[in-house]
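The basis for the numbers below is simple: all heavy atoms, side chains too, and nothing from hydrogens, waters or symmetry mates. Each chain gets a letter, A, B and so on, in the order its sequence line appears, and its residues count up from 1.
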There are 2 protein chains.
Amino acid sequence: MTPPRYQRRKEDRPAEITAAAFETFAEKGYANARVEEVARRAGVSKGLLYLYFKTKEELFKAVIRSVVLPRVDGLLRQVEDRSKSPTAFIRGPVREFMQQLPGSPVAVIIKLMLTEGSRHPDLVEFYWDNVASRGLEALRTLLKRGIANGEFRETRLAEFPHLVIAPVVMAVIFRLLFQQQTLDSDALIDTHIEILLEHLAAEPEGSP
Amino acid sequence: MTPPRYQRRKEDRPAEITAAAFETFAEKGYANARVEEVARRAGVSKGLLYLYFKTKEELFKAVIRSVVLPRVDGLLRQVEDRSKSPTAFIRGPVREFMQQLPGSPVAVIIKLMLTEGSRHPDLVEFYWDNVASRGLEALRTLLKRGIANGEFRETRLAEFPHLVIAPVVMAVIFRLLFQQQTLDSDALIDTHIEILLEHLAAEPEGSP
DNA sequence: TACACTGCTGACCAATCAGTCAGTAAGAGA
DNA sequence: TCTCTTACTGACTGATTGGTCAGCAGTGTA
């Protein structure tokens with residue numbers, strides 16, 4: 001009459017465990033997250049967790065992959081879309097992406113990368129290859145496309161796409177650190193984008 | 001004939017220990033830094049360290065204070081100096097400060113704040129009160145001063161001094177994370193400052 | 001030189017936690 | 001319904017490390 005103590009759900013366990021691990025890492029950071037707590041949140045024993053993930057570090061990597069990869073691919077695919085002009089693209093999808101980032105799981109991943117990156121060089125490499133470098137490259141392409149079709153002026157900004165996303169990084173960090181301080185990151189990003197577009201649209205000196 | 005096993009140097013110990021702790025925290029982060037290692041680097045036993053600092057956390061706070069406070073005061077005092085125009089000030093001291101930051105001990109502190117901040121709320125508060133809010137306020141003052149004397153146009157940028165320093169934060173983080181990837185942060189910051197000044201100097205629309 | 005004060009040492013303790021494994025029971029297959 | 005595979009449990013272990021403290025030895029004083 002007692003219900004079974006557990007159910008066998010081989011298929012679902014890994015995803016449930018990485019989800020629980022994401023929550024736990026988000027709250028505690030890697031070093032302070034207890035494997036036991038991850039297991040408890042996943043409704044599973046510690047032993048089972050170790051059946052699916054060989055070590056805590058393996059688990060960590062699985063979390064990063066599960067959160068980051070689906071998102072990145074979605075965004076980068078949009079850059080391929082040439083139906084929008086670069087200006088419209090920046091005011092549209094880029095702005096939208098930037099505004100939702102500070103509250104998204106990716107922000108948590110960024111924090112974890114900062115926090116734990118130095119101890120997991122292969123993870124940083126993975127992140128660089130799959131996220132950071134691809135994102136910067138996409139922005140650079142976008143800027144160059146605008147310059148090529150005369151929509152943007154020649155500018156060194158095209159060499160530093162970092163400047164486009166710097167305010168988002170700033171906003172993410174600001175929120176992580178000074179949670180009690182409010183920051184209207186949407187307005188911040190709007191202001192930033194207007195400054196950027198103004199710069200990109202300006203005539204070079206000496207032109208009419 | 002054997003030299004004394006140690007010397008009594010009550011006065012110097014605290015500074016030597018915080019210096020050793022800074023190095024250790026910089027390399028390992030807080031959680032992974034061993035108190036024993038700090039003591040060894042300071043040429044001191046673990047017991048002595050605990051004589052001067054009650055806990056590892058106290059030590060951590062002392063490190064932050066010792067690195068951050070002297071630097072902040074120096075910089076902020078310059079903003080009081082009204083002999084330079086806001087434009088010259090941004091092109092001069094502000095730019096210089098921004099360019100040297102990524103390689104300075106303050107960058108390490110920023111990393112530590114990010115890494116450990118959530119577990120030391122009182123430290124974050126200290127940092128906010130003494131560093132971040134004062135720095136942002138100084139920038140805001142500078143921008144408003146330029147607007148007031150007609151050197152800068154009216155702009156929402158004055159509400160978001162964060163945008164001025166965002167690229168530095170970006171550069172610091174980029175270096176911390178992707179050490180192998182080179183980033184010409186001086187050029188990045190130069191580009192950023194030119195974009196900013198261009199924006200600040202531009203006539204509002206509708207003006208001659 | 002003797003003495004006392006205290007800066008300093010390092011062996012030790014207690015707590016924490018990643019990872020293990022012997023055993024249990026769900027539930028598929030016959 | 002019985003059997004056998006294996007998903008699953010949770011008590012346990014070994015290693016690590018923050019923090020303690022009894023005593024040792026420099027150093028100033030008389």
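A/Phe60 places its CZ atom 19 Å from the C1' atom of C/dG19, with the value rounded to the nearest Å. Rounded to an integer number of Å, the gap from OH of B/Tyr6 to P of C/dT9 is 7 Å. A straight line from CZ of A/Arg5 to P of C/dG23 spans 15 Å, rounded to a whole angstrom. As rounded to whole Å, 15 Å separates atom C1' of C/dC17 from atom CG of A/Leu59. Atom CZ in A/Arg8 sits about 9 Å away from atom P in C/dA26, given to the nearest Å. Between the NZ atom of B/Lys10 and the P atom of C/dC5 there is a distance of 15 Å, rounded to whole Å. Taking atom NZ on A/Lys56 and atom P on C/dC17, their separation rounds to 9 Å, with Å as the unit.
For A/Lys28 and A/Glu37, the salt-bridge test passes: some basic side-chain N is under 4.0 Å from an acidic carboxylate O.
Residue B/Arg13 places at least one side-chain N or O under 4.0 Å from the OP1 or OP2 atom of C/dC8. In terms of phosphate contacts, A/Tyr50 brings a side-chain nitrogen or oxygen within less than 4.0 Å of OP1 or OP2 of C/dG19.
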Stepwise side-chain hydrogen bond (donor to acceptor under 3.5 Å, both in side chains) check, A/Glu151 with A/Thr87: CA-CA 8 Å; A/Glu151 197 172 321; A/Thr87 303; 2.4 Å; yes

Verdict with reasoning, B/Glu27 to B/Asn32, per side-chain hydrogen bond (donor to acceptor under 3.5 Å, both in side chains): CA-CA 9 Å; B/Glu27 284 176 26; B/Asn32 270 44; over 6 Å; no

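Looking at B/Ile110 and B/Leu101, their side chains come closer than 4.5 Å, going by heavy atoms from C-beta outward. Between B/Val35 and B/Leu49, the closest side-chain pair of non-hydrogen atoms falls below 4.5 Å.
Listed by residue number, the members of residues 34-47 of chain A with any heavy atom below 4.0 angstrom from DNA chain C are A/Arg34, A/Val35, A/Lys46, A/Gly47.
Here A/Phe53 lies out of heavy-atom contact (under 4.0 Å) with every strand.
The aromatic rings of A/His162 and A/Phe160 are tilted relative to each other, their planes meeting at an angle between 30° and 60°. The aromatic rings of A/Phe60 and A/His120 are tilted relative to each other, their planes meeting at an angle between 30° and 60°.
With sequence neighbours excluded, no residue satisfies salt bridge (Lys or Arg N to Asp or Glu O under 4.0 Å) with A/Asp184.
Protein chain A touches strand DNA chain D; the 5'-most and 3'-most nucleotides with an atom under 4.0 angstrom of its non-hydrogen atoms are D/dT6 to D/dG10.
The heavy-atom pair separating A/His192 from A/Val164 by the smallest distance is NE2-O, 2.9 Å.
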